[in-house]
Amino acid sequence: MKRLFAFFLSLSVLFSCLAMTANAMFDPSPVYEVQARSAYIVNTDTNIIVYDKDSQKQVAAGGLTKYMTIALVLANYADQLDNTFTMPFAISDYVHNSDNADMRSGETFTYREALYAMVTRNANEAAMGLAYTLSGGDLAGWVSQMNTLSQKIGTTGSTWTDACGLDSGNVTTAVDMYLILRYLMSFDAFVEISSAPTFTMPPKEKHAKSFVLLSQNVALNKTSGGKFYRSAMQGGMCDVMAYKNDSGTQSYVSWANKNGATYIFCVMQSPDTCDDYGYSNRRPALYETTKLIDWVYDSFSIQAALDTDLALAEIPVKYSSDTDTLQLYPNDNMMTLLPSSGDGSVTQKYFHLPDYVCAPIHQGDVVGTVELRLAGETIGVVDLIAGQDVSQNTLLLTVAKIQDFFHSLYLKVVLTFSLISAAIYGLWLLLNTWNGRKTPKKIRRR
């Protein structure tokens with residue numbers, strides 16, 4: 001019951017965060033030309049889509065499939081991560097000669113250790129072994145649960161066919177990976193595991209000594225990350241390991257935080273050739289991610305779009321001798337994502353106000369709203385409130401009501417009806433008088 005409650009709570013938090021949707025508003029091409037097949041960047045503080053390049057395009061998921069397996073584990077076992085399982089021999093053939101963390105069959109691991117292995121080393125045996133154990137050997141059932149949860153999270157372009165991503169049937173999109181990562185970020189355990197540049201695996205039955213797992217997300221590692229290192233990087237996963245002797249495309253899904261601003265980066269299928277950092281192990285998608293991290297933090301910041309002490313509009317007032325107009329102020333400063341070189345003045349303001357207001361008015365009364373747009377996209381709507389009390393003048397109200405009465409449609413209808421009635425009555429009298437004159441006189445006989 002606790003796990004079920006946590007699952008629906010995390011979903012409700014996720015969907016409330018995603019209430020505002022918008023088209024992408026910015027383009028990094030003046031600074032960096034994105035070469036990935038598709039990409040999607042969102043500022044999670046404002047839910048503004050910063051960049052969108054074919055985010056609905058379906059691509060091979062590869063190792064990113066493990067994010068969905070991790071999501072299913074956390075949705076059901078988030079409070080049992082220190083439980084143990086024995087790595088089954090049954091999956092050894094399936095994951096042979098693929099990305100691994102040297103987790104051998106017959107060794108005992110905690111669920112948490114398996115998650116660390118998946119996140120740091122993209123370990124296929126960790127994903128398949130944990131899925132096999134938790135599903136009671138029913139891997140098809142596990143995959144079915146992955147697809148069900150994926151749909152509940154909101155994905156529309158993803159299909160999952162195994163627990164680790166080795167099967168080519170695993171497909172996804174940049175926007176779906178954004179939704180999955182945002183869901184995962186609602187779990188504290190995932191955030192902690194993802195931020196680790198290394199993890200020390202304790203001694204096991206077939207490992208006399210502990211051994212260190214070095215994260216493939218070298219942007220986390222200040223010591224060995226080199227040009228990839230970014231202090232803002234919080235965690236991420238790739239679909240394939242770094243290239244050395246071969247080439248191809250790579251995807252990377254990650255998030256970063258700096259100065260209180262958080263972004264999710266989904267960079268899908270970057271070509272091997274785009275990585276020009278010069279290392280023998282090439283990480284094209286991580287390379288593009290680091291370029292985009294630099295771009296967003298150099299270009300944007302969370303700022304106040306409005307000043308609550310500055311009047312934004314003025315509106316006529318009726319029935320008051322205090323003032324003819326009322327100044328309106330924003331009820332909120334609306335912290336939002338804005339270009340670092342600008343301020344709230346870069347937004348376009350569209351006012352939704354009545355033609356006038358009637359006294360009495362109390363300071364703080366909501367009179368209308370202002371819609372803020374940036375680059376043609378709505379970024380928020382804020383209430384406009386009265387800046388002062390305005391009392392009502394009874395005499396002005398009475399005179400206005402009398403004037404309104406004399407100008408009212410009701411009076412016009414009554415007067416028109418009365419005139420028509422009078423005209424009809426006058427015509428009737430005239431006709432009767434005329435008919436009376438034409439009546440012949442009676443002749444008296446003697």
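Nothing here was measured: the structure is a model prediction, and the numbers come from that model. Throughout, numbering of the chain's residues begins at 1 and tracks the sequence.
- With hydrogens and angles disregarded, a donor-acceptor distance shorter than 3.5 Å links the side chain of Arg104 to the backbone of Lys206.
- Side-chain atoms of Gln216 come within 3.5 Å of backbone atoms of Arg121 as a donor-acceptor pair (strictly under, hydrogens ignored).
- Of the possible donor and acceptor atoms, one in the side chain of Asn124 sits under 3.5 Å from a partner among the backbone N and O of Asp99.
- The pair Arg112-Asp82 meets the salt-bridge criterion, with a side-chain N (NZ, NE, NH1 or NH2) lying under 4.0 Å from an Asp/Glu carboxylate O.
- The backbone N or O of Ser105 lies less than 3.5 Å from no partner atom in the side chain of Glu125, so there is not a single donor-acceptor pair.
- For Tyr329, the ring pair (Phe, Tyr, Trp, His ring centres under 6.0 Å) criterion is met by no residue, not counting sequence neighbours.
- For Trp295, the ring pair (Phe, Tyr, Trp, His ring centres under 6.0 Å) criterion is met by Phe300, not counting sequence neighbours.
- For the 3.5 Å distance criterion, the side chains of Tyr32 and Asp294 fail to qualify, holding no donor opposite an acceptor.
- Counting heavy atoms from C-beta on, the side chains of Thr133 and Trp142 never come closer than 4.5 Å.
- Counting heavy atoms from C-beta on, the side chains of Tyr94 and Cys164 come closer than 4.5 Å.
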Verify side chain to side chain contact (heavy atoms under 4.5 Å, CB included) between Arg182 and Asn47, making sure each step is shown before the conclusion. CA-CA 11 Å; Arg182 188 148 190 176; Asn47 300 312; 2.9 Å; yes
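- Take Thr336 and apply the side chain to side chain contact (heavy atoms under 4.5 Å, CB included) test, not counting sequence neighbours, and it matches Thr46, Ile48, Ala305, Met334, Leu338, Ile379.
- Leu384 is not listed as a side-chain neighbour of Val367, based on a closest heavy-atom distance of 4.5 Å or more.
- Distance check, rounded to the nearest 0.5 Å: CG of Asp176 to OG1 of Thr159 gives 9.5 Å.
- Side-chain atoms of Asp162 come within 3.5 Å of backbone atoms of Asp167 as a donor-acceptor pair (strictly under, hydrogens ignored).
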| query | Given Leu328 and Leu353, is the side chain to side chain contact (heavy atoms under 4.5 Å, CB included) satisfied, shown in steps? | reply | CA-CA 10 Å; Leu328 304 179; Leu353 299 169; 3.6 Å; yes
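- For Glu33, the side-chain hydrogen bond (donor to acceptor under 3.5 Å, both in side chains) criterion is met by no residue, not counting sequence neighbours.
- Within the model, atoms CG of Leu184 and CG of Leu179 stand 11.0 Å from one another, a figure rounded to the nearest 0.5 Å.
- For residues 190-209, the ring pair (Phe, Tyr, Trp, His ring centres under 6.0 Å) pairs, not counting sequence neighbours, are Tyr67-Phe190, Tyr116-Phe199, Phe190-Trp255, His207-Phe211.
- Under a 3.5 Å cut-off, the side chain of Tyr279 and the backbone N or O of Lys227 do form a donor-acceptor pair.
- For His362, the side chain to side chain contact (heavy atoms under 4.5 Å, CB included) partners at least two apart in sequence or on another chain are Asp365, Asp389.
- In this model, no donor atom of one side chain and acceptor atom of the other lie less than 3.5 Å apart for Tyr178 and Ser55.
- At distances below 3.5 Å, not a single donor-acceptor pair connects side-chain atoms of Gln58 with backbone N or O atoms of Gln56.
- By the salt bridge (charged side-chain N to carboxylate O under 4.0 Å, His left out) test, Asp324 pairs with no residue at all, sequence neighbours left out.
- Residues meeting the side chain to side chain contact (heavy atoms under 4.5 Å, CB included) test with Thr369, sequence neighbours left out: His352, Val381, Asp383.
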* To do: With side chain to side chain contact (heavy atoms under 4.5 Å, CB included) as the test, would you mind laying out the steps for Ser150 and Trp160 before giving the verdict?
  => CA-CA 9 Å; Ser150 183; Trp160 312 106; 3.1 Å; yes
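- Taking the side chain as every heavy atom from C-beta outward, Met268 and Met177 approach each other to under 4.5 Å.
- Proximity of Leu115 to Leu74: side-chain heavy atoms (C-beta onward) are separated by under 4.5 Å at one or more points.
- No side-chain donor from either of Thr120 and Ser215 sits under 3.5 Å from a side-chain acceptor of the other.
- Looking only at distances, no side-chain donor or acceptor of Ser144 sits under 3.5 Å from a matching main-chain atom of Ala140.
- Scanning for side-chain hydrogen bond (donor to acceptor under 3.5 Å, both in side chains) contacts around Thr289 gives an empty result, with sequence neighbours left out.
- With a 4.5 Å cut-off on side-chain heavy atoms, Asp102 and Met201 do not count as touching.
- In this structure, Asp45 and Met335 have side chains that are not in contact, with every pair of non-hydrogen atoms separated by 4.5 Å or more.
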For Leu306 and Asp332: C-alpha separation, side-chain torsions, deciding distance, then whether side chain to side chain contact (heavy atoms under 4.5 Å, CB included) applies.
CA-CA 7 Å; Leu306 300 171; Asp332 185 87; over 6 Å; no
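- Here Asp239 pairs with Leu64, Gln250, Ser251 under the side chain to side chain contact (heavy atoms under 4.5 Å, CB included) rule; sequence neighbours left out.
- In this structure Phe89 satisfies the ring pair (Phe, Tyr, Trp, His ring centres under 6.0 Å) test with no other residue, sequence neighbours excluded.
- Counting only distance, with no hydrogens or angles, the side chain of Ser195 and the backbone of Glu192 share a donor-acceptor pair below 3.5 Å.
- Under the 4.5 Å side-chain criterion, counting only non-hydrogen atoms from C-beta, Ile193 is not in contact with Met118.
- Evaluation of the side chain to side chain donor-acceptor pair (under 3.5 Å) test over residues 263-273, restricted to residues two or more places apart or in two chains, returns Arg37-Gln269, Ser270-Glu288, Asp272-Arg282.
- Separation of atoms NZ (Lys204) and OG1 (Thr86) is listed at 10.0 Å; rounding is to 0.5 Å.
- In this structure, a donor-acceptor pair under 3.5 Å is absent between the side chains of Thr84 and Thr108.
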